[in-house]
Amino acid sequence: TRTPVNVTVTGAAGQIGYALLFRIASGQLLGADVPVRLRLLEIPQAVKAAEGTAMELEDAAFPLLSGIDIFDDAARAFDGANVALLVGARPRTKGMERGDLLEANGGIFKPQGEAINAGAADDIKVLVVGNPANTNALIAQQHAPDVPAARFTAMTRLDHNRALAQLSKKAGVSVSEIRKLTIWGNHSATQYPDIFRAEIAGKSAAETVNDQAWLEDDFIPTVAKRGAAIIEARGASSAASAASAAIDHVHTWVNGTAEGDWTSMAVVSDGSYGVPEGLISSFPVTTSGGEWSIVQGLEIDDFSRARIDASVGELAEERDAVRKLGLI
Ligand code: NDP
């Protein structure tokens, strides 16, 4: 039998955590033959609720779940972690300035980065879901100097999946016929969902759809503002779809992208496509053997260039703001 993989989940008692933990325990994160041990991190007030979720996980009798431990201390929660899903974050509340939001999250992601640096397993892979995800990932990464920067990623897979769904509806094809879609930049309203490099059944997606008005007035804003539309309809923010995307992100990272396709991940820039080195920005990415690489050599049209630059500009501003606050 295989040794269980340690998966640390923060914000485990929250909405996303509730959907995510059952999918991890059922084997959908790492594979149907990989046992997992869950390490849940919560703030002290939410530990009791996390214990309730742990009771339900126990009651599901998942054959692959070999244990659950609950912590309110980051150092212990990340000890021996092979995979870390950083979901808990400080949401923006009414009247909160951006600086306050970044500062509150700095207080969460700095100690978590330090704890990962000190105690995580050598093969640690980190996915940040909690918003502002890209910059939270940057803060954690900057406080983990002994961990390769490539191990810190942020989630744009939900945006990617939303874009796949919208494009499949428009083109009247199954999502499985779409390849090479990309989300560029920040996981925020400035993100750029790019269909110019995408393919539908092997042909250019942009040419197949051939509708610039739809692209600009419908597709791009629908994908970027989908989170708000879900809150409006459901009366609560998206949770199961975010959890599903987190599962997809890690599963793809560990198991590889399909030949002839790529995915979207926010990863540390090496300067590709004019994205300043060190920023954690979403790119077209292939994965193999547990490592990602940014797809190279794509030609970027002017329409796309302007949108990528705007989103990357926002990321640079967020980085400068957390630098000013002394968080990195
Ligand atoms: P959710 O589980 O709904 O969301 C958690 C985080 O994910 C938020 O930052 C949220 O950002 C973000 N997120 C990213 N993508 C999405 C998406 N598509 N849809 C919705 N959210 C998205 O929040 P809850 O308030 O239910 O739960 C958070 C939990 O985290 C609480 O139990 C809290 O106690 C815990 N927490 C734990 C910490 C820790 O372990 N140290 C620290 C802070 C909190 P956004 O706010 O922008 O929606």
Side-chain angles (χ1 to χ4, degrees), residues 7-23 38-54 69-78 81 84-94 96 98 100-116 126-137 139-140 153-163 165 183 186-189 191 222-249 264-266 282 318:
V7 181
T8 299
V9 179
T10 77
Q15 296 305 311
I16 295 175
Y18 192 70
L20 183 59
L21 292 169
F22 289 83
R23 303 226 13 217
L38 286 169
R39 301 177 75 77
L40 311 183
L41 177 64
E42 259 299 351
I43 52 178
Q45 317 77 288
V47 162
K48 188 154 183 259
E51 285 168 358
T53 304
D69 293 292
I70 303 173
F71 305 95
D72 63 6
D73 168 63
R76 293 176 63 212
F78 291 108
L85 303 172
L86 311 192
V87 180
R90 176 72 164 80
R92 189 193 289 260
T93 41
K94 254 205 178 120
M96 201 178 194
R98 196 178 63 155
D100 301 336
L101 179 73
L102 293 171
E103 192 150 28
N105 280 298
I108 296 167
F109 288 87
K110 178 172 181 271
Q112 292 187 359
E114 290 165 349
I116 288 167
V126 181
L127 167 62
V128 177
V129 175
N131 281 315
N134 301 53
T135 298
N136 288 342
I139 293 169
T153 65
M155 189 168 89
T156 50
R157 185 63 172 265
L158 180 56
D159 310 300
H160 181 98
N161 287 346
R162 286 167 170 168
I183 304 293
N186 198 1
H187 168 67
S188 77
Q191 63 173 271
T222 297
V223 172
K225 295 180 192 156
R226 186 71 167 176
I230 295 202
I231 292 174
E232 175 67 30
R234 210 182 151 248
S237 63
S238 44
S241 55
S244 193
I247 295 281
D248 289 346
H249 177 113
S264 303
M265 282 170 75
S282 189
E318 288 183 13

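Just follow the structure's listing: the first ligand is 1, and inside any ligand the first atom is 1.
- If you take CG on Leu86 and CD1 on Ile139, they are separated by 11.5 Å, rounding to the nearest 0.5 Å.
- Taking each of Val9, Asp72, Leu158, Ile43 in turn, the one with a heavy atom nearest to atom 38 (C) of ligand 1 proves to be Ile43.
- The side chain of Arg162, and not its backbone, has at least one atom closer than 4.0 Å to an atom of ligand 1 (non-hydrogen atoms only; side chain from C-beta on).
- For the pair Thr135/Phe109, no side-chain contact is recorded, criterion being any heavy-atom separation below 4.5 Å from C-beta on.
- Within the 4.0 Å heavy-atom shell around ligand 1 one finds Gln112.
- Screening Asn134, Asn136, Asn186 against Glu318 for a side chain to side chain donor-acceptor pair (under 3.5 Å) leaves a single residue, Asn186.
- Nearest to atom 48 (O) of ligand 1 by heavy-atom distance, out of Asp73, Ile230, Asn131, Ile16, is Asn131.
- Proximity of Ser238 to ligand 1, defined as any heavy-atom pair under 4.0 Å, is shared by backbone and side chain alike.
- Ligand 1 has Glu42 within reach: a non-hydrogen atom of the residue lies less than 4.0 Å from it.
- Of the possible polar contacts, none joining the Ser264 side chain to the Arg157 backbone as a donor-acceptor pair under 3.5 Å is found.
- The shortest heavy-atom distance from Arg157 to ligand 1 is not under 4.0 Å.
- In terms of N/O distances under 3.5 Å, ligand 1 is not approached by Thr10.
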